[in-house]
Amino acid sequence: MRGRATLLLLAIAAFASPATSQPSVLKRPLTHEAMWTMKRVSAPSISPDGKWVVFTVTAPAYDEKDQSADLWLVASDGTAKARRITDTRGGEGDVAWAPDSRRIAFTARRDGDDVNQIYLLDLAGGEAQRTTRLSTGAQSPHFSPDGKSLQFTSVVYPGASSDEANRIKAKEEKDRKTKVRIFDSFPIRNWDRWLDEKQVHLFVQSLDSGSVAKDLLAGTQLAALPGFGTPPVEGSRQDVDAAWTPDGKTIVFAAMSARNSAAYAEVPVELYRVDVAGGEPVRIAAGATAYTKPSFSPDGRTLYALSNANNGKSYNLSRIVAFEWPSMQNPRVVARMDRSADEYVISADGQTVYAIAEDSGLAKIFSASTLRGDAKPFSTIRRGVYGSLRAAAGAPVMVALWGSSVEPAEVVRINPGAPAPARLTGFSVAQASAIDWQSPRHFWFTSKRGRKIHNMLVLPAHFDSTKKYPLFVLIHGGAANMWRDQISLRWNYHLLARPGYVMLMTNYSGSSGFGEEFGQSIQGDPLRGPADELMEGADEAIRTFPFIDGSRQVAGGASYGGHLANALEAWSGTRFKALIAHAGLVNLEAQWGTSDVIYGRELQSLGPVWEQGEVWRTQNPVRSAASFKTPMMLSVGERDYRVPLNNTLEMWSLLQRLRIPSRLLVWPEENHWILNPENSRLFYREVEGWLARWVKAGSE
């Protein structure tokens, strides 16, 4: 016992030592290659008995065929090193533990598979065995409480009652000589894909040999509704939030029945239950809210879920709600706090709820009694972010991912009362410690509107406080988002700082992680207020830090950050020497009419576009084109349907018409983000080259 405690203490000590402990003269600046090829640890899954954790380790590569993503196993008490348990050319993910803590289910596309299927692996030994054989594939497996069945999801054709029916419909679609998309209602696109008739359905399958998967939604009235759908998620994946009921006879899931009203109303997400034996799903929770992530208490007497209100506000917190089960009576909010719960778990004894929530540039763990409900910080870490929090069903053990902007995310064990979590893996620790980077400096200022605004400052490699550096104002998207003390591939603070910039990341009004009122504060002020705060933040940084050269300022951002970069073009005069906007709008009206989501933009602007209220008239950067002066680089993915190509082309036309130096990057195969590694490398080069044309980077 003493040896185990000592090992945990050593792990805590190693975790607490920042990656900047070596003298910076021995380290090298971050490169794109070092950033991209660091091993990535994701999705820990803890066994019900709390003894073991399975997770995915991705070894990235610029050539996709050289990349791997395998499953690894580590003891949750740190007494055994992590070991690889799969080693195939295809990647594995979506891990689920069986109740006996001996077997896992996961998804993979192996030899002979056209799409992902579910495999079972006995950790005592042997090869993984394919369990599903659906032509439409399978994902998100969950074992039944008795371990004899799996619940999972698949994207199928409506009306198809069997896999053979899905095969026939797929062949008919492939052989169709006409190619046309026909719609009768919203929505028609999501992020980077056009929506089609296919739906994501719930399936169950016994683990007995020869068993066939059963579609629980096929032929139901719910699935036949024109407004049936599941909550959209970032990217192309479609899934269903679902949980087995404690008796294993029913599944609770979240779905929409009025998705076709998305053009003119907020769409509720309701909770349903469906019998595993079949039958029509029954709605059990509805109202002006969106329910997601249902789960049950260990004793089976309480159903929990996340709830996000539909109340006409542009931003609302996600709150943890609880219902008595099976009556669904006496709903109540648990873990009350002025922060949004991104994810949550219930302790093995059912007495405590733990939630991860953003807070002032960090993502912390909060805890609350499941009865009393007021949340308080549970973690004491002062940097970085937690994610993927998991709790063992039968033991008081929790694990998560933890990382910071200078420490890649690794699996950690959460130890109540300890000053820091215990690191269980260290795949990229040595590589990260050889890089010359520092954790962000945090500071606050009070804006002219009287709001306290949080900021992070990142310094370049080989920083010398006696010299002067140009300022790069980096703008986050969202707006319901925040700059985090976390490694990012898309806008990596340290890689952008490498040429010799001091990076300023301001969490302007509307950012998440600062309370509900702060998040709602830009409703009716979507661009002007945040743009002013970005400039006020730059002024405060220049006053506070003597190593910043205020005569050399540049700015850039993506998505909502791109919107604000275009707003700075309109309203900042000659403050900035150069600007960059990826996936940014310049015309609020055109964005409203062509984006994959529209009603939320109407709420943000306090009325429909045709009424031409004040927001549409005064906060639309295109109307201030006569004030454009700053050289600007624009970037957009052709498959971006959230901020479609037309807005970037409109901004490009304005800059060219006004004869303002400008550069346009169009990525034919990218969506809202630049995800291809070679494209990412080129994007960073283009950013560095564009800014170098207008600002001399480095110290002076």
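Hydrogens, waters and symmetry mates are skipped; everything else that's a heavy atom, side chains included, is used. Throughout, residue positions are numbered sequentially from 1 according to the sequence presented.
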Task: Parallel, tilted or perpendicular: rings of Trp72 and Phe55 (30°, 60°) - done: parallel
Task: Flag for Ser211-Gln205: side-chain donor and acceptor within less than 3.5 Å - done: no
Task: Row check, Phe366 ring normal vs Arg339 NZ/CZ: under 6.0 Å, within 45° - done: no
Open item on the list: Do Glu670 and Asn679 pair up side chain to side chain, a donor and an acceptor below 3.5 Å, judged on atom types alone?
Closed with: yes
TODO: Classify the angle between the aromatic ring planes of Tyr119 and Phe106 as parallel (below 30°), tilted (30 to 60°) or perpendicular (above 60°).
DONE: parallel
- [ ] To the nearest 0.5 Å, tell me how far Asn671 CG sits from Arg642 CZ.
- [x] 11.0 Å
Open item on the list: Would you say CZ of Arg382 has more than 12 non-hydrogen atoms from neighbouring residues, nucleotides or ligands within 6.0 angstrom?
Closed with: no
Task: Glu92 side chain reached by Leu121 side chain, heavy atoms, under 4.5 Å - done: no
Task: Heavy-atom closest pair, residues Thr56 and Ala69 - done: CG2-CB, 4.2 Å
- [ ] Taking the six-membered ring for Trp and the single ring otherwise, decide whether the centroids of Trp244 and His142 are under 6.0 Å apart.
- [x] no
- [ ] Give a yes or no on whether the backbone of Asp49 and the side-chain of Ser101 come within a donor-acceptor separation of less than 3.5 Å.
- [x] yes
TODO: Please indicate whether Asp114 has more than 12 foreign heavy atoms, meaning atoms of other residues, nucleotides or ligands, lying under 6.0 Å from its CG.
DONE: no
Task: Steps toward side chain to side chain contact (heavy atoms under 4.5 Å, CB included) verdict (Val429, Arg423) - done: CA-CA 10 Å; Val429 171; Arg423 183 183 279 138; 3.8 Å; yes
TODO: Scan Phe683, Trp673, Tyr684, Trp483 and name whichever one has a ring-ring contact (aromatic ring centres under 6.0 Å, His included) with Trp491.
DONE: Phe683
TODO: Report the C-alpha distance between Glu407 and Trp437 in whole Å, list the side-chain angles of each, state the deciding distance to 0.1 Å, and finish with yes or no for side chain to side chain contact (heavy atoms under 4.5 Å, CB included).
DONE: CA-CA 10 Å; Glu407 294 147 301; Trp437 50 7; over 6 Å; no
Open item on the list: A side-chain contact here means heavy atoms from C-beta on lying under 4.5 Å apart; do Arg441 and Val458 qualify?
Closed with: no
- [ ] Take Tyr291 and Ser307 through the test side chain to side chain contact (heavy atoms under 4.5 Å, CB included) and record every step on the way to the result.
- [x] CA-CA 5 Å; Tyr291 292 107; Ser307 174; 4.0 Å; yes
Task: Test side chain to side chain contact (heavy atoms under 4.5 Å, CB included) applied to Val41 and Lys39, step by step - done: CA-CA 7 Å; Val41 180; Lys39 289 183 177 178; 5.7 Å; no
Task: Thr230 side chain reached by Asp239 side chain, heavy atoms, under 4.5 Å - done: no
- [ ] Take atom CG of Asp63 as the centre, draw a 6.0 Å sphere, and report whether it contains more than 12 heavy atoms from other residues, nucleotides or ligands.
- [x] yes
TODO: Taking the side chain as every heavy atom from C-beta outward, state whether Val276 and Lys249 have any pair of such atoms under 4.5 Å apart.
DONE: no
Task: Closest heavy-atom pair and its distance - Met482, Leu362 - done: CE-O, 2.9 Å
Open item on the list: With no hydrogens and no angle check, just 3.5 Å: does a side-chain donor-acceptor pair link Arg110 and Thr86?
Closed with: no
Open item on the list: Check Glu343 with Lys293, please: is the shortest side-chain N to carboxylate O separation under 4.0 Å?
Closed with: no
- [ ] Work out which heavy atom in Gly300 is nearest to a heavy atom in Pro246; give both atom names and the distance.
- [x] CA-CG, 3.3 Å
TODO: State, with a plain yes or no, whether a side-chain heavy atom of Val397 is found less than 4.5 Å away from one of Lys51.
DONE: no
TODO: Rounded to the nearest 0.5 Å, what's the gap from CD on Gln351 to OG1 on Thr370? Could you check?
DONE: 5.5 Å
TODO: Taking Asp163 for its side chain and Ser135 for its backbone only, find out whether a donor-acceptor pair lies under 3.5 Å.
DONE: yes
Open item on the list: Check this for me: Gln431, atom CD, are more than 12 non-hydrogen atoms of other residues, nucleotides or ligands nearer than 6.0 Å?
Closed with: yes
- [ ] Using a 4.5 Å cut-off on heavy atoms from C-beta on, say whether the side chain of Pro440 contacts that of Ser405.
- [x] yes
Task: Nearest-0.5 Å distance, CZ of residue Phe378 to OH of residue Tyr354 - done: 4.5 Å
Task: Donor-acceptor contact below 3.5 Å, side chain Ser388 vs main chain Leu401 - done: no
Open item on the list: Just so I know, are the side chains of Leu207 and Lys148 near enough to count as touching, which here means a heavy-atom distance under 4.5 Å?
Closed with: no
- [ ] Rounded to the nearest 0.5 Å, what's the gap from OG1 on Thr131 to CD on Gln117? Could you check?
- [x] 9.5 Å
Task: Sub-4.5 Å side-chain heavy-atom contact between Asp342 and Glu358 - done: yes
- [ ] Answer yes or no: are there more than 12 heavy-atom neighbours, outside Arg681 itself, under 6.0 Å from its atom CZ?
- [x] yes
- [ ] Find the distance between CG (Asp640) and CH2 (Trp191) and round it off to the nearest 0.5 Å.
- [x] 8.0 Å
Open item on the list: Looking only at the side chains, is there a donor atom on one of Thr136 and Ser154 sitting less than 3.5 Å from an acceptor on the other?
Closed with: yes
- [ ] Can you spot which of Ser488, Ser511, Ser559 makes a side chain to side chain donor-acceptor pair (under 3.5 Å) with His476?
- [x] Ser511
Task: Nearest-0.5 Å distance, CG of residue Asn308 to OG1 of residue Thr292 - done: 8.0 Å
